[in-house]
Amino acid sequence: MQLGVVLHDFADEVQVLDDLLSTLDPRDWFKPTPAEGWDTRDTITHLAVADEMALECVVQDRVPSLMQQGMDALLEGEDALLAAEASMMQRGRALEPAAVHEWWRTGNAALRAALAGVDPARRLPWGPNVMSPVSFVTARLMETWAHGLDCFDAAGVEAIDTDRLRHVAHIGLRSLPYAFLGAGEPGPGPVRLELTSPSGARWELGPTDAPTLITGTASDFCRVAVRRDRRGEAARLVGTGPDAEAVLRNVKAYL
């Protein structure tokens, strides 16, 4: 996958969310999302902070101090993690919705501009890992889409899926070893996905001879992979093979 292609799709995904936010009344920003304790303002604050950290990773080639604080809090336990999250949220909660919207919009545009000039062979820091620019952008697209679903739900607007979900399906498959590690389980063997895309195309990801196979729609698989399976998505996926049950239980497209 070429960096320019993923950046184009990232920009399109951002525009979908931006368009939704532009239709909201200020009061709509305070409606709760399905993410417990978060409203739309909190959700966009989270994206704005994440894009700021991503920009620092690209421009400064280092793990931002705020990201390091979050990783340290994760090791310290739930109380420390909740405190770190509350501190992050206070930045947005001190602002009016329009200011949070502009904060995210401006920061995201700066991030995409910086990424457009990155050498595709470079490795970018993100948390404890380093990533190719393509994987880095794919992760930002995935997170924008996932949190965008929360905003659409809060607004009572149906999200329209597109074939940009291929990026989410790809990262969901690629991240399986990390997802199993985070769940404290041995990693799975080879896994193959056979998914029907929103446009009706058939996507085949993973080795053709993989003993574990997951089939269904890309929309269902991707929602399970970002932990937004709120309407029976997991139950509609069909898994066969030795690791199928564990894959559907542990798949997680983010660290």
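Annotation for C57 and P125: closest pair SG-O, 3.2 Å, computed over non-hydrogen atoms. Taking each heavy atom of P198 and L165 in turn, the nearest pair found is CG-CD1, 4.1 Å. When all heavy atoms are compared, the tightest approach of A218 to S197 is CB-CA, 4.2 Å. Of all non-hydrogen atoms in A169 and F221, the two that sit nearest each other are O-CE2, 3.9 Å. P242 approaches P211 most closely through the heavy-atom pair CD-O, 3.6 Å. Considering every non-hydrogen atom in both V251 and G172, the closest pair reads CG2-O, 3.8 Å.
No side-chain donor from either of E96 and W29 sits under 3.5 Å from a side-chain acceptor of the other. Remark: the E85 side chain and the H46 side chain contain no N/O donor-acceptor pair separated by less than 3.5 Å.
Atom CG of D119 and atom CG of L3 lie 9.5 Å apart (nearest 0.5 Å). Taken from CZ in R41 to SG in C151, the straight-line distance is 13.0 Å, to the nearest 0.5 Å. Rounded to the nearest 0.5 Å, atoms CG (L24) and CG (L20) are 5.0 Å apart. Taking CG from L149 and OG1 from T33, the interatomic distance works out to 11.0 Å, rounded to the nearest 0.5 Å. In this structure, CZ on R123 lies 9.5 Å from CG on N129, to the nearest 0.5 angstrom. Rounded to the nearest 0.5 angstrom, I214 CD1 and L193 CG are separated by 7.0 Å.
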Next on the checklist: Quick one, T215 with L195, criterion side chain to side chain contact (heavy atoms under 4.5 Å, CB included). Give me CA distance, side-chain angles, the key distance, then yes/no.
Outcome noted: CA-CA 6 Å; T215 61; L195 305 173; over 6 Å; no

Item to check | Residue pair W104, V49: steps toward the side chain to side chain contact (heavy atoms under 4.5 Å, CB included) verdict | outcome: CA-CA 8 Å; W104 168 68; V49 170; over 6 Å; no

Checklist entry - ring-ring contact (aromatic ring centres under 6.0 Å, His included) between W145 and H167: does it pass, once the steps are laid out? => result CA-CA 11 Å; W145 176 73; H167 301 297; over 10 Å; no

Item to check | Evaluation steps, side chain to side chain contact (heavy atoms under 4.5 Å, CB included), between L124 and L115 | outcome: CA-CA 10 Å; L124 299 171; L115 285 163; 4.1 Å; yes

Next on the checklist: Show, in sequence, the C-alpha distance, side-chain angles and deciding distance for D163 and W203, and conclude whether the side chain to side chain contact (heavy atoms under 4.5 Å, CB included) test is met.
Outcome noted: CA-CA 10 Å; D163 281 7; W203 292 344; 3.9 Å; yes

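Between the side chain of T212 and the backbone N or O of D243, at least one donor-acceptor pair lies under 3.5 Å. Checking side-chain atoms of S135 against main-chain N and O of M131 turns up no donor-acceptor pair under 3.5 Å. Remark: the backbone N or O of A11 is not paired with any side-chain donor or acceptor of E13 at under 3.5 angstrom. At distances below 3.5 Å, at least one donor-acceptor pair connects side-chain atoms of R122 with backbone N or O atoms of V58. Side chain of S87 to backbone of A83: no donor-acceptor contact under 3.5 angstrom is found. T106 contributes no side-chain N or O that, together with a main-chain N or O of W103, makes up a donor-acceptor pair within less than 3.5 Å. Using a distance-only test at 3.5 Å, with no hydrogens or angles considered, no donor-acceptor pair links the side chain of D18 to the main chain of V14.
The list of salt bridge (Lys or Arg N to Asp or Glu O under 4.0 Å) pairs with a residue in residues 165-194, not counting sequence neighbours, reads E185-R249, R192-E194, R192-E204, E194-R202.
Summarising the local packing, OH of Y178 is surrounded by 12 or fewer heavy atoms from other residues, nucleotides or ligands at distances under 6.0 Å. No more than 12 heavy atoms of other residues, nucleotides or ligands sit less than 6.0 Å from atom CD of E245.
The aromatic rings of F136 and W126 sit perpendicular to each other, their planes meeting at more than 60°, with 30° as the lower class boundary.
Comment: D42 does not engage R91 in a salt bridge, judged by the lack of any side-chain N to carboxylate O separation of less than 4.0 angstrom. Remark: R228 engages D150 in a salt bridge, criterion side-chain N to carboxylate O under 4.0 Å.
Among residues two or more places apart in sequence or in another chain, the side chain to side chain donor-acceptor pair (under 3.5 Å) test is passed with D28 by K31. R236 pairs by the side chain to side chain donor-acceptor pair (under 3.5 Å) definition with D220, not counting sequence neighbours.
In the hydrophobic cluster analysis, where Ile, Leu, Val, Met, Phe, Trp and Tyr join through side-chain heavy atoms closer than 4.5 angstrom, V238 is grouped apart from L176. Linking ILVMFWY side-chain heavy atoms closer than 4.5 Å, directly or via other members, places F30 and M88 in two distinct hydrophobic clusters. Follow the hydrophobic side-chain contacts under 4.5 Å out from L213 and you never reach F180; the two are in separate clusters. Under a hydrophobic-cluster definition in which Ile, Leu, Val, Met, Phe, Trp and Tyr are linked whenever side-chain heavy atoms come within less than 4.5 Å, directly or via other members, V5 and L111 are assigned to the same cluster. Under a hydrophobic-cluster definition in which Ile, Leu, Val, Met, Phe, Trp and Tyr are linked whenever side-chain heavy atoms come within less than 4.5 Å, directly or via other members, L47 and L95 are assigned to the same cluster.
In this structure, the side chains of R164 and V16 come closer than 4.5 Å at one or more pairs of heavy atoms. Looking at heavy atoms from C-beta onward, F152 lies out of side-chain contact with E158 at the 4.5 angstrom threshold. Inter-residue side-chain proximity for L21 and L17 is flagged as met; some heavy-atom pair is nearer than 4.5 Å. Side-chain contact check for H101 versus R105: some heavy-atom pair is nearer than 4.5 Å. Between E143 and Y254, the closest side-chain pair of non-hydrogen atoms is not below 4.5 Å.
With respect to R223, the salt bridge (charged side-chain N to carboxylate O under 4.0 Å, His left out) criterion is satisfied by exactly one of D161, D229, D153: D161.
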